[in-house]
Amino acid sequence: MDRLYYLSDFFEAIGTDARISITHIGIYAALLQYRIQNGFANPIQVFSHEILSIAKLSSAITYHKCVRELSEYGYIRYEPSFNRMKGSKIYFAERSD
């Protein structure tokens with residue numbers, strides 16, 4: 001499985017999407033890196049602080065806003081846990097080829 005497919009597919013999809021900012025891109029890339037580090041699990045179960053450090057962000061508010069928007073726009077599926085002891089689930093669309 002070529003790891004770059006997911007990033008390439010994402011960049012192709014956002015090419016004409018004016019809603020996507022550099023912060024969305026950074027968070028998506030960090031989520032993908034976290035997924036790779038965890039054996040390409042789908043979904044990943046993650047705490048915001050783990051992604052914040054990979055994406056070099058300091059604001060949990062910005063993280064949650066962007067992850068929620070990425071989910072609303074259809075790039076990922078985000079299931080918040082609302083439990084401090086259990087990370088939220090993030091699903092990536094699987095390739096059909």
Side-chain angles (χ1 to χ4, degrees):
M1 177 178 299
D2 187 346
R3 297 171 181 172
L4 290 179
Y5 281 148
Y6 293 94
L7 195 55
S8 295
D9 287 352
F10 177 69
F11 275 105
E12 186 176 323
I14 67 168
T16 58
D17 192 342
R19 302 170 296 182
I20 299 297
S21 71
I22 190 67
T23 307
H24 292 98
I25 295 168
I27 289 173
Y28 186 89
L31 290 167
L32 187 55
Q33 177 63 22
Y34 185 88
R35 183 180 182 201
I36 291 166
Q37 291 172 345
N38 288 278
F40 243 78
N42 195 24
I44 56 174
Q45 196 158 358
V46 64
F47 292 96
S48 59
H49 67 86
E50 295 170 305
I51 302 304
L52 287 170
S53 67
I54 297 170
K56 306 295 187 203
L57 291 173
S58 58
S59 172
I61 293 169
T62 300
Y63 165 81
H64 289 291
K65 175 184 176 282
C66 287
V67 168
R68 188 183 70 253
E69 289 173 347
L70 286 169
S71 185
E72 288 171 7
Y73 303 160
Y75 296 108
I76 59 172
R77 190 171 96 219
Y78 170 56
E79 293 180 1
S81 73
F82 303 108
N83 180 338
R84 296 181 143 242
M85 305 306 287
K86 185 177 177 184
S88 297
K89 288 184 181 177
I90 297 182
Y91 295 80
F92 291 83
E94 289 298 328
R95 291 181 59 96
S96 59
D97 54 27

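Computed over heavy atoms, backbone and side chain alike; hydrogens, waters and symmetry mates excluded.
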Per-pair distances, 0.1 Å, donor-acceptor, side chain in residues 23-30, under 3.5 Å, sequence neighbours excluded:
from	atom 1	to	atom 2	distance (Å)
His24	ND1	Ser21	N	3.0
His24	ND1	Ser21	OG	2.9
His24	NE2	Glu69	OE1	2.6

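Here SG of Cys66 is found 12.0 Å from CD1 of Ile61. Values are rounded to the nearest 0.5 Å. Here the CG-CD1 distance, from Leu32 to Ile76, works out to 11.5 Å after rounding to the nearest 0.5 Å. Rounding to the nearest 0.5 angstrom, the gap separating the CD1 atom in Ile90 from the CG atom in Leu31 is 4.5 Å.
Looking at heavy atoms from C-beta onward, Ile51 lies in side-chain contact with Tyr34 at the 4.5 angstrom threshold.
Considering only residues two or more places apart in sequence or on other chains, Ser71 meets the side chain to side chain donor-acceptor pair (under 3.5 Å) condition with none of them. For Glu79, the salt bridge (charged side-chain N to carboxylate O under 4.0 Å, His left out) criterion is met by Arg77, not counting sequence neighbours. For Phe47, the ring-ring contact (aromatic ring centres under 6.0 Å, His included) partners two or more places apart in sequence, or in a different chain, are His49.
Evaluation of the ring-ring contact (aromatic ring centres under 6.0 Å, His included) test over residues 55-77, restricted to residues two or more places apart or in two chains, returns Phe10-Tyr75. Legend: salt bridge (charged side-chain N to carboxylate O under 4.0 Å, His left out) pairs involving residues 44-56, not counting sequence neighbours: none detected. For residues 13-23, the salt bridge (charged side-chain N to carboxylate O under 4.0 Å, His left out) pairs, not counting sequence neighbours, are Asp17-Arg19.
Ser81 contributes a side-chain N or O that, together with a main-chain N or O of Lys86, makes up a donor-acceptor pair within less than 3.5 Å.
Nearest heavy atom pair, residue Tyr91 against residue Asn42, reads CA-OD1, 3.4 Å.
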